[in-house]
Structures are given as structure tokens and as C-alpha cells.
Asks: 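The structure under discussion is supplied below as C-alpha cells; questions concerning it will follow.
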Amino acid sequence: KDRGAAVSVKREVDSEGRTVIRSVKKGVRDFSFGRILGEGSYSTVFLATDRQTLREYAVKVLEKKHIIKEKKIKYVNIEKNTLNRLTEHPGIVRLYYTFQDEASLYYVLDLCNGGELLGVLKKTGTFDVDCTRFYGAQILDAIEYMHSRGVIHRDLKPENVLLDDQMHIKITDFGTAKLLPDPRDPRPPEDSSGQNNAQDDKRNASFVGTAEYVSPELLTDKAVGKPSDLWAFGCIIYQLLAGRPPFKAATEYLTFQKIVSLDYEFPAGFPPAARDLVERCLVLDPARRLTVEHIKNHEFFDGQQFGKELWRTKAPRLRPYV
Ligand SMILES: C[C@@H](Nc1nc2c(c3cc(-c4cn[nH]c4)ccc13)C(=O)N=C/C2=C\CC1CC1)C(C)(C)C
């Protein structure tokens, strides 16, 4: 049941006048592969062009034997189920179809020509308030959509926020997402690998996100919910304006210590409204952290549109916060 597959059937008449039915699910031969765009721990993302339509895509290639050896089948299923759920939002990278050959799995996805937000941030150093407000609003809008579809990303960070050719964002990398029962069809989540109990009950939540953006509740009692993504959101807003994440130490362990003891400070001149927003996101108790709704109404986003309008707005020219 490969819902991502664009399997269609073509009826043709061959030279002897016989009717031939060809299933035209796309395959590797339908694409010409270009350069490597990015490399994950279990995948490589290539630029690829559809030979029929000449449209460019990103194709994520996963090597079957590597996935099996590293016991990552569960993550592959989670990513595919998550991508199949998050189908109609401009701020989420879209999965068009999947196919495989004997060695690999292939996901055909939106191409994000602007690369990773982290790369752009490194070039300018910091973002000014207008840019931070625009990109913060787009990230928040995408988080709201994910949560409305019962998806918790769990590893939000500037590397996983990509930019398309309009310099609008697309969130990516869902291999470590947590799927709640789908609010739209309450059947148990699509995946049969028992990801619900195996993957996320408190005892053996083996997964921890990227150190600098991990929420305190994940480090203390392994309880992960929607507020975990909003902790990461607070870290990202801080980083866009400050040019570095709030919690960063020489080792992961020292970074974790800073997080659970809320040990961070704002650089001089940090904009006051942004400071108030970050302080209300970086709250140790997830129940007391701002929710998406609260953040949208926070004074930092005064005058900022969300929803459809936001995605039709021209991206602001990138300027550093000085
Ligand atoms: C975060 C990811 N990096 C990337 N993942 C994707 C890209 C992508 C593009 C550039 C890029 C484009 N131009 N210049 C750089 C650089 C890194 C990329 C893309 O266009 N479309 C879908 C992607 C991912 C889809 C995934 C959810 C399945 C890692 C490092 C894990 C490979």
C-alpha cells in the first residue's frame, strides 16, 4: 500500500495489433541524477530531473542493506508515514512518490534550491527583526499544521529548515518524528511496526534530538509532546537574532546540563519583545510553555499575518541584526 506511488496504467497497441497494458510507476530510469544536495546518516539527497517533464526534484536515496544493518527500518517507516500525512502545507517538504530497486529506496520530494536555513544564517551572521519575524512566522505556521495532523517533529533546528527558490521555508527530516493517532482518521497510525509502543513510551525512548535544541522534558522524564517543538522554536528565534543557539557547550553533556538548569543569557541589545517571547518558550515545565496560539498573539508577532497570506508574502531581503 504505497500511497505515495503514482502508479498509473497506460494502454497501448503493439506492432502485432495486440493491446498492451503498461503500468507506468516511475522508476530510477525516469530520472537523471545530478549533484548531491545533502547527506544524512542513513540517506543521500540528490538533485534529479524527471526525464519526461524536465521538472527538478530532490530524490532521497536510502540504501536497504545499510538500513537493515543499522536497524533503522522503523525510522524509514515513520518518515514515510509522516510525509504521507503532511501533504498539503507550503511549509513542509512534499513527497511526490516513492519507488525502489534491489539496492535502494527512493523518495521523490520538493527541491529546496535555497538549501538549509542554517547555511543562510551563517552567511549573514544574524537576521534582523523583520527577517526573524517572517521566518519565525513561517516555521510556527508549519509547526501548527504538523501538530494539527498529530505529528511532533522532535528535531527542529536550522539545518532541517530548508529554503525554496522564493526563499520561503520547508521543514524536512521526519525520520525522528512522533506520530500521534491521526486526528482526521482515528484508526491506529498507518505503521504496523508497533511504533506507538516501541518508539515512544517513556521507558525506552532511545531517540534524543540534536543536543542544542533538545527540550528539558526529553532529558529528564522522556515525556515528549507538542511543547517540545515549541522549546526548539524558542531556541531557533534566539539563534536567528543572536547568531548562535542559547545552549551550546563544549560537549553534549555540558549542553544538556545548561538546558536542564536553564543556564543561558541574552546578548546586549537583544530586542526586548523577542527576548520576552524566547523567555516564555524556554520554560522548563512544558505545561507552562507558550502554545502556538499564544505565540501567534505575542507582541513580537504584532502585525504579522499567518495562514495563506503569509505564504504569498514576498520574503524580506536578508539583513543582519546589528
Ligand atoms: C536535511 C537534509 N538536507 C537536505 N534535504 C533536502 C533537500 C536539501 C537541499 C539542499 C540544497 C539545495 N540546493 N542547495 C542545497 C541541501 C540539503 C537538503 C531538498 O532540496 N529537498 C528535500 C530534502 C530532504 C527531504 C527529507 C524529508 C525526506 C539532510 C542533510 C538530512 C540530507
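Computed over heavy atoms, backbone and side chain alike; hydrogens, waters and symmetry mates excluded. Only a predicted model underlies this, so the values are computations on that prediction, with no experimental measurement involved.
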Asks: With ring centroids as reference points, do Phe31 and Phe99 lie under 6.0 angstrom apart?
Replies: yes
Asks: Under 3.5 Å, which donor-acceptor pairs link side chains of residues 108-126 to any protein atom two or more places apart or in another chain?
Replies:
| unit_1 | atom_1 | unit_2 | atom_2 | d |
| --- | --- | --- | --- | --- |
| Asp110 | OD1 | Tyr96 | OH | 2.5 |
| Asp110 | OD2 | Arg94 | N | 2.8 |
| Thr124 | OG1 | Leu121 | O | 3.3 |
| Thr124 | OG1 | Thr126 | O | 3.0 |
| Thr126 | OG1 | Tyr321 | N | 2.6 |
| Thr126 | OG1 | Tyr321 | O | 3.1 |

Asks: Could you go step by step and tell me if Gln100 and Lys64 meet the side chain to side chain donor-acceptor pair (under 3.5 Å) rule?
Replies: CA-CA 9 Å; Gln100 56 182 296; Lys64 288 180 186 174; 2.6 Å; yes
Asks: Could you walk me through whether Thr19 and Glu12 pass the side-chain contact (heavy atoms from CB on, under 4.5 Å) check?
Replies: CA-CA 6 Å; Thr19 301; Glu12 289 170 337; over 6 Å; no
Asks: Check whether any side-chain N or O of Thr49 sits under 3.5 Å from a backbone N or O of Arg51 as a donor-acceptor pair, and report yes or no.
Replies: no
Asks: Of all the heavy-atom pairs spanning Lys80 and Tyr107, show the shortest one and how long it is.
Replies: CB-OH, 3.8 Å
Asks: Going by heavy atoms in the side chains, are Tyr97 and Lys25 under 4.5 Å from each other?
Replies: no
Asks: Counting distance only, does the side-chain N/O of Thr291 pair as donor-acceptor with the main-chain N or O of His294 below 3.5 Å?
Replies: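 Side chain of Thr291 to backbone of His294: a pair is present.
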Asks: Restricting to pairs with a member in residues 263-276, which pass salt bridge (Lys or Arg N to Asp or Glu O under 4.0 Å), not counting sequence neighbours?
Replies: Lys258-Asp263, Arg275-Glu279, Asp276-Arg280
Asks: Do Val20 and Val13 come within less than 4.5 Å of each other through their side chains, counting heavy atoms only?
Replies: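 Not touching, per the 4.5 Å side-chain cut-off.
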Asks: Calculate, to the nearest 0.5 Å, the distance between atoms OG and NZ belonging to Ser104 and Lys65 respectively.
Replies: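 Going from OG on Ser104 over to NZ on Lys65, the span is 8.0 Å.
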Asks: Using modelled atom types only, decide if a donor and an acceptor are shared between the side chain of Thr255 and the backbone of Ala249 within a distance under 3.5 Å.
Replies: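 The answer is yes, because a donor-acceptor pair under 3.5 Å joins these two groups.
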Asks: Quick one: list whatever passes ring pair (Phe, Tyr, Trp, His ring centres under 6.0 Å) with Phe301, sequence neighbours left out.
Replies: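 Listed in chain order: Phe306.
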Asks: With the side chain counted from C-beta on, respond yes when Asn160 and Phe174 share a heavy-atom pair under 4.5 Å apart, and no when they do not.
Replies: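 SC-SC contact between Asn160 and Phe174 ruled out.
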Asks: Report yes if some heavy atom in the side chain of Ile259 is under 4.5 Å from a heavy atom in the side chain of Trp231; otherwise report no.
Replies: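 They are in contact (side-chain heavy atoms under 4.5 Å apart), so the answer is yes.
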Asks: Starting from Val283, walk the hydrophobic network (Ile, Leu, Val, Met, Phe, Trp, Tyr; side-chain heavy atoms closer than 4.5 Å) and list everyone else you reach, by chain and number.
Replies: none
Asks: Of all residues at least two apart in sequence or in a different chain, which pass the salt bridge (charged side-chain N to carboxylate O under 4.0 Å, His left out) check with Asp50?
Replies: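 Once residues adjacent in sequence are excluded, the partners of Asp50 under the salt bridge (charged side-chain N to carboxylate O under 4.0 Å, His left out) criterion are Lys26.
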Asks: Donor-acceptor pairs are to be reported for all side-chain atoms of residues 127-143 against protein atoms at under 3.5 Å, with residues two or more places apart or in another chain.
Replies:
| unit_1 | atom_1 | unit_2 | atom_2 | d |
| --- | --- | --- | --- | --- |
| Asp128 | OD1 | Asp130 | N | 3.3 |
| Asp128 | OD1 | Cys131 | N | 2.8 |
| Asp130 | OD1 | Arg133 | NH2 | 3.1 |
| Thr132 | OG1 | Asp128 | O | 2.9 |
| Arg133 | NH1 | Phe300 | O | 2.9 |
| Tyr135 | OH | Met167 | O | 2.7 |
| Gln138 | OE1 | Ile169 | N | 2.8 |
| Asp141 | OD1 | Gly307 | N | 3.0 |
| Asp141 | OD2 | His89 | NE2 | 3.1 |
| Asp141 | OD2 | Trp311 | NE1 | 2.8 |

Asks: Taking atom OH of Tyr42 and atom NZ of Lys69, what is their separation to the nearest 0.5 Å?
Replies: 9.0 Å
Asks: Mind listing the closest non-hydrogen atom pair of Gly34 and Phe46 along with its distance?
Replies: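 Reported closest heavy-atom pair: O-CD2, 3.6 Å.
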Asks: What closest approach, in Å, do Val93 and Leu83 show between heavy atoms, and which atom pair accounts for it?
Replies: O-CD2, 3.8 Å
Asks: Enumerate the residue pairs fulfilling salt bridge (Lys or Arg N to Asp or Glu O under 4.0 Å) with a member in residues 30-48, sequence neighbours excluded, ordered by first and then second residue.
Replies: none
Asks: Checking side-chain contact (heavy atoms from CB on, under 4.5 Å) between Ser228 and each of Glu217, Arg154, Lys178, which is the one that passes?
Replies: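 Looking at Glu217, Arg154, Lys178, the match for Ser228 under the side-chain contact (heavy atoms from CB on, under 4.5 Å) is Glu217.
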Asks: Shortest non-hydrogen contact from Leu62 to Ile67?
Replies: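 Scanning both residues, the minimum pair turns out to be CB-CD1, 3.4 Å.
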Asks: Report the residues that fulfil salt bridge (charged side-chain N to carboxylate O under 4.0 Å, His left out) with Lys226, sequence neighbours left out, ordered by chain and then residue number.
Replies: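 By the salt bridge (charged side-chain N to carboxylate O under 4.0 Å, His left out) rule, Lys226 matches no residue at all.
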Asks: If we count only N and O atoms by modelled type, under 3.5 Å, do the side chains of Gln166 and Lys314 hold a donor and an acceptor together?
Replies: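 No, no side-chain donor-acceptor contact under 3.5 Å.
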Asks: Could you list the residues that satisfy salt bridge (charged side-chain N to carboxylate O under 4.0 Å, His left out) with Glu299, not counting sequence neighbours?
Replies: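 Applying salt bridge (charged side-chain N to carboxylate O under 4.0 Å, His left out) to Glu299 gives none.
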Asks: Can you find a heavy atom in the side chain of Pro246 that is under 4.5 Å from one in the side chain of Leu282?
Replies: yes
Asks: Test side-chain contact (heavy atoms from CB on, under 4.5 Å) on Ser41 and Glu70; report intermediate values, then the result.
Replies: CA-CA 10 Å; Ser41 25; Glu70 302 289 321; over 6 Å; no
Asks: Sequence neighbours left out, what passes ring pair (Phe, Tyr, Trp, His ring centres under 6.0 Å) with Phe266? Give chain and number order.
Replies: Tyr238, Tyr264, Phe270
Asks: Can you tell me how far the CG atom of Asp173 sits from the NZ atom of Lys157, to the nearest 0.5 Å?
Replies: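 The CG atom of Asp173 sits 7.0 Å away from the NZ atom of Lys157.
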Asks: Sort and list the pairs that fulfil salt bridge (Lys or Arg N to Asp or Glu O under 4.0 Å) and have at least one residue in residues 237-255, not counting sequence neighbours.
Replies: Glu212-Lys248
Asks: If I compare all heavy atoms of His153 with all of Thr172, which pair ends up nearest, and what's the gap?
Replies: NE2-O, 2.9 Å
Asks: Could you give the distance from CG (Asp229) to CZ (Arg289), rounded to the nearest 0.5 Å?
Replies: 10.0 Å
Asks: Could you walk me through whether Leu180 and Ile152 pass the side-chain contact (heavy atoms from CB on, under 4.5 Å) check?
Replies: CA-CA 8 Å; Leu180 306 173; Ile152 299 166; 4.1 Å; yes
Asks: Would you check, one step at a time, whether the test side-chain contact (heavy atoms from CB on, under 4.5 Å) holds for Leu179 with Thr82?
Replies: CA-CA 7 Å; Leu179 287 184; Thr82 306; 3.5 Å; yes
Asks: Is any side-chain heavy atom of Leu290 less than 4.5 Å from a side-chain heavy atom of Leu277?
Replies: yes
Asks: Measure the shortest side-chain to side-chain distance between Arg317 and Arg319 over non-hydrogen atoms and say whether it is less than 4.5 angstrom.
Replies: yes
Asks: Let me confirm one number: the CG-CD1 distance from Leu241 to Ile236, rounded to the nearest 0.5 Å.
Replies: 12.5 Å
Asks: What residue among Lys72, Arg85, Lys74, Lys60 forms salt bridge (Lys or Arg N to Asp or Glu O under 4.0 Å) with Glu79?
Replies: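 Answer to the salt bridge (Lys or Arg N to Asp or Glu O under 4.0 Å) test with Glu79 among Lys72, Arg85, Lys74, Lys60: Lys60.
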Asks: Between Val59 and Phe33, is there a side-chain heavy-atom distance shorter than 4.5 Å?
Replies: yes
Asks: Residues two or more places apart in sequence or in another chain: which of them pass salt bridge (charged side-chain N to carboxylate O under 4.0 Å, His left out) with Asp302?
Replies: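 By the salt bridge (charged side-chain N to carboxylate O under 4.0 Å, His left out) rule, Asp302 matches no residue at all.
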Asks: Verify the cluster assignment for Val224 and Leu156: are they in a single hydrophobic cluster under the rule of side-chain heavy atoms below 4.5 Å apart?
Replies: yes
Asks: For residues Cys281 and Ile295, report the shortest heavy-atom separation together with the two atoms involved.
Replies: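 In this case the closest contact between Cys281 and Ile295 is SG-CD1, 3.8 Å.
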Asks: Taking atom NZ of Lys71 as the centre, does the number of heavy atoms from other residues, nucleotides or ligands within less than 6.0 Å exceed 12?
Replies: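 It does not: Lys71 NZ has 12 such atoms or fewer within range.
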